[in-house]
Amino acid sequence: MTTSLTCTETMPIAAGNHAAIIASPNVKLRRRRIVIDHPDPRVGEKLLAEALGVVDRDALHGLLSQLVKASAVACKPEQGNLSFMISMLKSIAPKDPLEAMLAAQMVSIHVASMRCACRLACTDDVPQQESLTRALTRLARTYAAQMEALSRHRSNGACAITVQNLSVQDGGKAVVGHITQHANLIAAQPGLVDAAAITI
């Protein structure tokens, strides 16, 4: 089941500093061709590539082609789904090609999840309900794993640890500063402090 908007222009709903993303052109399907809706095709491609996090024309058209295929309903590309997917991809704001590919997968998995949820809601056949429930569960887990992967990529794999309680006994030492741990090596910024020097 697919819904289509009747308005021809996308209007921003949420306030924010996404001016560049909102200013990027829309994509239309015309006779199974992808058309970037902008008066100057080269400028339109550049704006859309920046919004989607890709670096060149080939990557942009490859990503758009994949989204067109993922938007299909009954084996035909669907403009409403495509517009939604591109809008969500822009909202994720990929920073590099890896994020662009992952974000495209996330949007596609979301669309597949919603299709599966729709089919589940519309069936009374118990075996079909069980099959759709399993598929929906797998899609939801995949989406959660993709969210985690995107978060890890954006933080460069750094894991933030916050220490809320610290006590140093007499004769003990505390490290003051940032600590980085790699495999079996722990390196700290200079600043070993005796327990006696720490005053509360």
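If you're wondering where the values come from, they're calculated on a predicted model, not measured in any experiment. Keep in mind that the numbers below use all heavy atoms, side chains included, and drop hydrogens, waters and symmetry copies.
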Peer 1: Can you tell me how far apart NZ (K28) and OG (S83) are? Round to the nearest 0.5 Å.
Peer 2: 6.0 Å
Peer 1: With a 4.5 Å heavy-atom cut-off, do L89 and P94 have their side chains touching?
Peer 2: yes
Peer 1: Let me confirm one number: the CD1-NZ distance from I36 to K46, rounded to the nearest 0.5 Å.
Peer 2: 13.5 Å
Peer 1: Quick check on K95: does its NZ atom have over 12 non-hydrogen neighbours (other residues, nucleotides or ligands) under 6.0 Å away?
Peer 2: yes
Peer 1: Any non-hydrogen side-chain atom of L48 less than 4.5 Å from a side-chain atom of K90?
Peer 2: yes
Peer 1: Using only heavy-atom distances, determine whether the side chains of S71 and E78 contain a donor-acceptor pair under 3.5 Å.
Peer 2: no
Peer 1: Is I109 reachable from L132 through a run of I, L, V, M, F, W or Y residues, each pair having side-chain heavy atoms under 4.5 Å apart?
Peer 2: no
Peer 1: Is there a side-chain hydrogen bond (donor to acceptor under 3.5 Å, both in side chains) between Q128 and T123 once you walk through the steps?
Peer 2: CA-CA 7 Å; Q128 197 172 24; T123 186; 2.8 Å; yes
Peer 1: Would you call I92 and V107 a side-chain contact if the rule is heavy atoms closer than 4.5 Å?
Peer 2: yes
Peer 1: Can V35 be reached from L60 by stepping across I, L, V, M, F, W or Y side chains whose heavy atoms are under 4.5 Å apart?
Peer 2: no
Peer 1: Search all heavy atoms of V73 against all heavy atoms of N81 and return the closest pair with its distance.
Peer 2: CG2-ND2, 3.3 Å
Peer 1: Are M114 and L136 grouped together when hydrophobic residues (ILVMFWY) are joined by side-chain heavy atoms under 4.5 angstrom apart?
Peer 2: no
Peer 1: Group every Ile, Leu, Val, Met, Phe, Trp and Tyr by side-chain heavy-atom contacts under 4.5 Å, then state whether L82 and L47 land in the same group.
Peer 2: no
Peer 1: Just verifying a value: how many Å separate S131 OG and L120 CG, rounded to the nearest 0.5 Å?
Peer 2: 10.0 Å
Peer 1: Do the side chains of E45 and H38 get nearer than 4.5 Å, heavy atoms only?
Peer 2: no
Peer 1: Looking at S87, is its backbone amide N or carbonyl O close enough to the side chain of S91 to form a donor-acceptor pair, meaning the two atoms are under 3.5 Å apart?
Peer 2: yes
Peer 1: Do I86 and L29 share a hydrophobic cluster, counting only Ile, Leu, Val, Met, Phe, Trp and Tyr and linking them when any side-chain heavy atoms are less than 4.5 Å apart?
Peer 2: yes
Peer 1: Restricting to non-hydrogen atoms, name the atom on D37 and the atom on P25 that form the minimum distance, rounded to 0.1 Å.
Peer 2: O-CB, 3.3 Å
Peer 1: What is the distance from atom CD of E50 to atom OG of S24, rounded to the nearest 0.5 Å?
Peer 2: 9.5 Å
Peer 1: Can any side-chain N or O of S108 pair as donor or acceptor with the backbone N or O of A104 at less than 3.5 Å?
Peer 2: yes
Peer 1: Could you report the tightest heavy-atom contact between A72 and R115, atom names first, then the distance?
Peer 2: O-NH2, 2.8 Å
Peer 1: Determine whether F84 and H110 make a side-chain contact, defined as any pair of heavy atoms from C-beta on separated by less than 4.5 Å.
Peer 2: yes
Peer 1: Check whether any side-chain heavy atom of H153 lies under 4.5 Å from a side-chain heavy atom of D96, and answer yes or no.
Peer 2: yes
Peer 1: Before giving the answer on side-chain hydrogen bond (donor to acceptor under 3.5 Å, both in side chains), spell out for Q146 and T142 the whole-Å C-alpha distance, their side-chain angles and the decisive distance to 0.1 Å.
Peer 2: CA-CA 6 Å; Q146 290 170 329; T142 299; over 6 Å; no
Peer 1: I'd like to know if the side chain of Q79 reaches the main chain of V27, judged simply by a donor and an acceptor atom lying under 3.5 Å from each other, with no hydrogens or angles considered.
Peer 2: yes
Peer 1: Taking all heavy atoms of A100 and all of L52, pick out the closest pair and write down the distance.
Peer 2: CB-O, 3.1 Å
Peer 1: Could you state the interatomic distance from CZ (R154) to CG (L98), rounded to the nearest 0.5 Å?
Peer 2: 12.0 Å
Peer 1: Mind checking the CZ-CZ spacing from R138 to R141? Nearest 0.5 Å is all I need.
Peer 2: 9.0 Å
